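Just so it is clear, the model here is predicted, and its values are computed rather than measured.
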Amino acid sequence: AQSVTQPDIHITVSEGASLELRCNYSYGATPYLFWYVQSPGQGLQLLLKYFSGDTLVQGIKGFEAEFKRSQSSFNLRKPSVHWSDAAEYFCAVVIYNQGGKLIFGQGTELSVKP
Amino acid sequence: DVKVTQSSRYLVKRTGEKVFLECVQDMDHENMFWYRQDPGLGLRLIYFSYDVKMKEKGDIPEGYSVSREKKERFSLILESASTNQTSMYLCVVTDRGVNTEAFFGQGTRLTVV
């Protein structure tokens with residue numbers, strides 16, 4: 001069955017440090033991948049998406065993600081974290097041969113310490 | 001942008017009640033989804049629909065049913081509400097195109113007492 005796994009439930013980083021959030025997917029064909037962010041009490045906002053082409057994609061707020069087919073991964077990165085980045089991050093995949101079924105990972109909660 | 005409207009922001013229902021959650025979109029998008037969001041579990045897919053009168057079970061359909069009689073409206077039904085269905089329910093809409101993103105309703109916080 002198709003699935004999305006975010007191995008880290010909670011991560012804490014210092015402000016100014018680099019960040020990498022992991023995402024692994026299980027899907028046989030070319031995946032369509034997304035990262036969303038949810039700030040406390042807010043809805044989900046799209047950070048970036050990958051459909052094809054360049055495997056390194058740039059998103060909003062200084063985030064980027066790299067698609068690695070050999071590792072079935074789509075990890076999210078940011079070179080320098082700001083306190084306002086504290087939020088929950090969700091990786092998602094669209095399964096187009098199942099009518100566009102959209103599957104989310106469990107989420108990673110990011111805390112930023114001063 | 002697509003506007004996705006859920007009928008209620010907060011609901012409190014009693015155990016055993018039949019509960020209806022409504023979701024309406026203002027664009028002509030094919031796909032509509034119902035998820036529940038619980039801490040540490042992310043967004044779990046309950047049901048989705050890719051066309052009128054079409055429905056597919058997600059990962060946790062037990063205790064739920066859905067209805068899509070019109071393209072713009074997708075209803076989630078809790079046949080007999082139980083306390084373990086206390087959760088945040090999110091309606092999500094996507095287009096069928098390749099270059100698509102998801103549009104989210106504001107969520108319904110359901111408490112079953």
- Task: Report, by ascending residue number, the residues of residues 34-43 of chain B in heavy-atom contact with chain A at a distance under 4.5 Å; give 'none' if the set is empty.
- Result: B:Y35, B:Q37, B:G40, B:L41, B:G42, B:L43

- Message: Between A:V57 and A:F51, is there shared hydrophobic-cluster membership here, with clusters defined by ILVMFWY side-chain heavy atoms closer than 4.5 Å?
- Response: no

- Note on the structure: Under a 4.5 Å heavy-atom criterion, the part of residues 14-24 of chain B in contact with chain A comprises none

- Query: A:I60, A:V112: one ILVMFWY side-chain cluster at the under-4.5 Å cut-off?
  - Reply: yes

- Item | Straight-line distance of A:Q45 CD to B:F104 CZ, nearest 0.5 Å | 10.5 Å

- Query: Side chain, backbone, both or neither: which part of A:Q38 has an atom under 4.5 Å from a heavy atom of chain B?
  - Reply: side chain

- Cut-off 4.5 Å, heavy atoms of chain B, and the answer for A:L44 is both

- Cluster check A:V81, A:W35: I/L/V/M/F/W/Y, side chain < 4.5 angstrom: yes

- Message: Shorter than 4.5 Å, heavy atoms on both sides: which option in A:V94, A:L102, A:L46, A:I9 has the most such pairs with chain B?
- Response: A:L102

- Query: Do you know which of B:L90, B:N31, B:V92 has the most heavy-atom pairs under 4.5 Å to chain A?
  - Reply: B:N31

- Item | Closest contact, heavy atoms only, B:F33 versus A:K101 | CE2-CA, 3.9 Å

- Query: Are B:I46 and A:V4 in one and the same hydrophobic cluster, where Ile, Leu, Val, Met, Phe, Trp and Tyr link if side-chain heavy atoms are under 4.5 Å apart?
  - Reply: no

- Please answer: with hydrophobic residues joined when any side-chain heavy atoms are less than 4.5 Å apart, are A:L48 and A:V93 in the same cluster? yes

